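Below: the structure, in structure tokens.
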Amino acid sequence: MKVLKFGGTSVGSSKNINNVINILVDYSKTDSIACVVSAVGGITDKLLLAGKQAQNKDDAFLETFNAIKNRHFDIIKELNPENNKAILEFVENKLESLKSLLEGIFLINELSPKTSDKLVSFGELLSSFIIAETMKNRSFSADVKNSQDIIVTNSNFTKAEVDYTVTNTNIREYFKSANQKITILPGFISKSKLGEITTLGRGGSDFTAAIIAAALHVDQLEIWTDVSGMFTTNPKLVKQAYPIDKISYQEAMELSHFGAKVLYPPTVQPVLSLEIPIHIKNTLEPDAIGTIISNKETKSNSPVKGISNISNIALLTLEGTGMVGIPGFSKRLFETLSQEKINVIMITQASSEHSICLGIENKEAETAKTAIDTAFENEIALGKIEPIIIETGLSIIALVGDKMKNHQGISGKMFSTLGKNNINIRAIAQGASEKNITAVINEKDVKKALNTLHEQFFESKTKQINVFITGVGNVGERLVEQIKQQKKYLKDNLKIKLRVVGLSNSRHMIFNEDGIDLKSWKDQLAQGEKATLQGFFENTKSLNLRNSIFVDVTANKNVADLYAQYLKESIGIVACNKIACSSEYNNYKELKELSLKYNAPFLFETNVGAGLPVIDTLSNLIASGDKVNSIQAVLSGSLNFVFNNFNDKTKFYDVVKQAGAEGYTEPDPRIDLSGVDVARKILILARESGVKMNLEDIENTSFLSEAGLKSDTVDDFYETLIADEAHYQSLYASAKANNCQLKYVAKFDNGKASVSLQEIPEGHPFYNLEGSDNIVMFYTERYAKQPMIIKGAGAGAEVTASGLFADIIRLGND
Ligand code: ADP
Ligand code: ASP
Ligand code: MG
């Protein structure tokens with residue numbers, strides 16, 4: 001004899017029922033079968049909805065009823081195109097009783113637990129009947145047996161307790177004389193000793209099958225569902241979850257207790273002592289191996305077997321200095337809850353016994369509060385304890401594994417992983433057997449928590465990084481292209497899964513939680529929603545993905561002003577925008593502090609020297625204990641380009657224009673030519689060296705003509721370049737006469753910084769600087785005589801994009 005159970009999805013359509021029938025027929029070639037079925041998928045919920053509507057005097061119950069009716073009729077006709085009259089007639093009759101019941105509820109305005117059980121029992125009664133009759137129609141040796149005739153319970157409606165002595169005898173008696181090869185039984189439903197209809201609790205069909213398997217001492221219980229086994233975590237919330245091939249009864253019980261819906265928690269009970277293994281299989285993929293739940297030793301080395309979650313949790317906190325002295329306090333507390341039939345999912349108690357926290361279902365929170373406040377009325381009045389505090393909107397997440405107790409540091413790893421991702425933990429508990437560690441967190445963080453924990457404990461080799469890019473002009477576009485090209489390399493070689501989740505230019509923005517398909521990002525962006533900076537932030541925040549990074553590829557102050565908001569959500573910042581780091585010192589400082597506080601990186605390597613590793617090198621020097629004495633640098637690719645191309649045969653105006661055309665200057669060339677851009681860069685280097693400094697503190701000797709300095713618009717400025725050609729030629733002539741090259745030099749020395757155009761003599765490291773190259777010389781305590789020199793292309797879209805890219809990857813290597 002074999003016992004199989006098929007869940008709601010497995011019997012949710014004619015196609016799936018045909019799959020079920022094939023499996024049953026195949027199995028019945030070698031054995032007789034007891035097959036427990038759920039209601040057609042979603043029907044139990046619909047029945048309860050119709051009941052609620054009727055109770056609320058809402059006519060819509062009739063629509064819900066019709067939907068239930070049509071769903072069954074469609075399935076019957078699809079399964080039995082001919083010869084369906086008898087089945088339809090029977091079902092029609094049943095549905096008439098259902099309708100009368102709903103009308104009754106409507107009339108009296110009341111839906112008691114007892115009536116609710118009667119109502120939902122129609123789901124399983126119909127599905128089991130339809131499947132058995134369809135099989136009979138197809139001439140298989142099959143029949144239906146109503147579980148209500150054999151499973152006997154107490155009258156604890158909606159979650160009745162089984163009387164095993166009577167039930168086991170009934171089951172054995174029935175199967176002793178059953179003649180058909182295949183018996184179809186409705187799951188979930190039962191009857192009390194008084195003959196009232198009861199149910200075994202939501203999801204209870206699994207339990208029905210386990211009761212039958214245990215009564216008949218079969219070799220194995222098979223639970224057929226819509227996923228290929230018990231997964232490492234909820235596969236609906238974590239894409240990377242995968243089926244566990246073998247798991248112990250205890251682990252399966254813990255996982256299901258903490259929310260792994262694939263198995264109804266009490267299911268293990270009846271089969272455990274008889275050591276009947278439970279095999280979880282997928283009706284939609286019958287060849288997948290599935291999960292075996294048994295006592296057999298599993299080979300897995302991983303101490304953590306799975307992670308599960310329960311939503312809609314309320315946390316009750318009972319606090320008070322007087323608690324210590326109250327005799328039998330816990331006993332009274334739990335008795336009170338038990339009288340109200342409230343299920344306590346987790347408990348934590350501070351060792352000082354000053355407070356106790358209970359995790360229960362949201363819907364029971366008010367009842368629990370009233371009951372407990374009443375039970376401890378006197379103590380509350382005397383001020384020994386506080387009235388109970390309820391917090392809702394919470395979830396429980398649990399790490400489960402038999403071997404966790406033998407491993408140190410698992411809870412540390414769990415909590416630091418959550419902490420790093422800014423997931424606030426409201427309460428923590430660890431079962432005495434150390435088979436689970438549970439945490440209560442905000443509902444909104446569940447997906448992120450499960451994904452990060454899963455990554456930590458099951459995919460330790462890969463790290464997902466979620467990137468949100470604002471500004472896809474020249475540099476931004478190169479960055480997206482570089483990411484597209486390197487994706488596979490990063491995954492294969494660095495185990496980094498880099499995904500661009502948000503993209504925006506000044507007009508449009510797009511988001512895709514699974515990662516934007518970079519093959520067509522431009523087309524998608526062109527059709528994206530209207531972009532706003534705040535909207536981009538809100539979307540990024542509400543996606544709440546782990547390892548999120550906001551990449552600022554603009555030169556916009558309004559974007560820089562939002563960094564603090566991002567950091568406060570633990571979203572890292574990678575920016576080539578210099579405005580934030582060169583803004584008021586206090587703002588720069590605050591961003592740095594937020595980055596530390598919220599564990600969100602704030603990286604801006606490209607602020608100085610584009611892709612050259614200037615800031616990273618400087619931070620490494622400082623971090624390793626070195627001290628910067630002075631910095632000398634040529635930091636403007638644009639000014640270098642200008643002075644490398646300007647001579648007595650060219651015109652200053654033409655050279656500046658050309659620099660603009662080739663993308664070496666900012667759209668407003670005054671930012672470069674006035675020295676402001678270089679001043680910002682040396683300011684950032686000074687600050688990163690540990691000096692408190694502002695832009696005004698930097699001495700800026702401009703080489704521009706007076707008219708150039710005063711010009712109001714870009715056009716006016718260009719006019720002055722033409723008019724003042726002689727001024728610029730004189731700068732060149734002087735340098736030439738002194739056998740020097742003109743370079744725009746930034747200096748930081750002894751706490752002071754300056755920027756100015758200088759005549760550089762031959763032999764100086766700056767003399768031969770070509771094109772748009774940058775050079776930085778760090779004189780430090782360790783590099784006192786020979787400076788550390790960093791030199792190379794310091795401008796251009798490709799190198800700037802690669803600098804941004806390097807900052808992003810730095811997070812992956814954390
Ligand atoms: P059935 O109707 O077959 O009884 P259920 O809906 O009760 O199926 O249970 C299967 C569902 O459980 C899956 O579709 C999945 O969404 C959910 N689930 C939650 N946690 C897990 C887990 N750890 N492993 C597998 N499934 C899980
Ligand atoms: N149909 C019931 C429910 O939806 C029982 C089950 O499917 O296991 O809860
Ligand atoms: Mg189920």
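The shown structure was predicted, so the numbers you read here are calculated from the model rather than taken from an experiment. All ligand and atom numbering here is 1-based and tracks the order in the structure. Each residue takes its place number in the sequence, starting with 1.
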* Atom pair CG (L98) and CD (E103), whose distance is rounded to the nearest 0.5 Å -> 9.5 Å
* Asked: Would you say the side-chain atoms of T208 and S147 include a donor-acceptor pair closer than 3.5 Å?
  -> no
* Asked: Looking only at protein heavy atoms, which one is nearest to atom 9 (O) of ligand 2, and how far off is it?
  -> R202 NE, 2.6 Å
* Asked: Where the closest heavy atom to atom 25 (C) of ligand 1 is concerned, which of A260, S256, G229, S228 has it?
  -> G229
* To do: Considering heavy atoms of the protein only, find what lies nearest to atom 27 (C) of ligand 1 and give residue, atom and distance to 0.1 Å.
  => P235 CD, 3.5 Å
* G203 to ligand 2, any heavy atom closer than 4.0 Å -> yes
* State the OG1-CD1 distance between T233 and I307, to the nearest 0.5 angstrom. => 5.0 Å
* Nearest non-hydrogen protein atom, atom 5 (C) of ligand 2 -> E124 OE2, 3.5 Å
* **Protein residue, atom and distance nearest to atom 23 (N) of ligand 1, heavy-atom basis** => F231 O, 3.1 Å
* Structure fact -> Rounded to the nearest 0.5 angstrom, the OG1-CZ distance for T417 and R546 is 11.0 Å
* Considering only protein heavy atoms, which is closest to atom 11 (C) of ligand 1, and at what distance to one decimal place? -> D226 OD1, 4.0 Å
* Say you draw a straight line from CG of N436 to CD of Q250; how long is it, rounded to the nearest 0.5 Å? -> 12.0 Å
* To do: Tell me which protein heavy atom sits closest to atom 7 (O) of ligand 2, plus the residue, atom name and distance to 0.1 Å.
  => S38 OG, 3.0 Å
* Asked: Does at least one non-hydrogen atom of S10 fall below 4.0 angstrom from an atom of ligand 1?
  -> no
* To do: Is it possible for you to check whether K159 lies under 6.0 Å from the centre of the six-membered ring of F157, through NZ or CZ, and within 45° of that ring's axis?
  => no
* **Residue, atom name and distance, where the atom is the protein heavy atom closest to atom 12 (O) of ligand 1** => V262 N, 3.4 Å
* Asked: Under 3.5 Å, N or O to N or O, is D206 touching ligand 2 that way?
  -> no
* Asked: Are E133 and R138 within salt-bridge range, i.e. N to O under 4.0 Å?
  -> no
* To do: Check whether any N or O atom of K5, backbone or side chain, sits under 3.5 Å from an N or O atom of ligand 2, and answer yes or no.
  => no
* **G8 touching ligand 2 at heavy-atom level, < 4.0 angstrom** => no
* From I276 atom CD1 to Q220 atom CD, the distance as rounded to the nearest 0.5 Å -> 10.0 Å
* Determine, using heavy atoms of L255 and all atoms of ligand 1, whether some pair is separated by less than 4.0 Å. => no
* Asked: Under a 4.0 Å heavy-atom limit, does K5 contact ligand 1 with its side chain, its backbone, both, or neither?
  -> side chain
* To do: Evaluate whether atom NZ of K136 has more than 12 neighbouring non-hydrogen atoms of other residues, nucleotides or ligands under 6.0 angstrom away.
  => yes
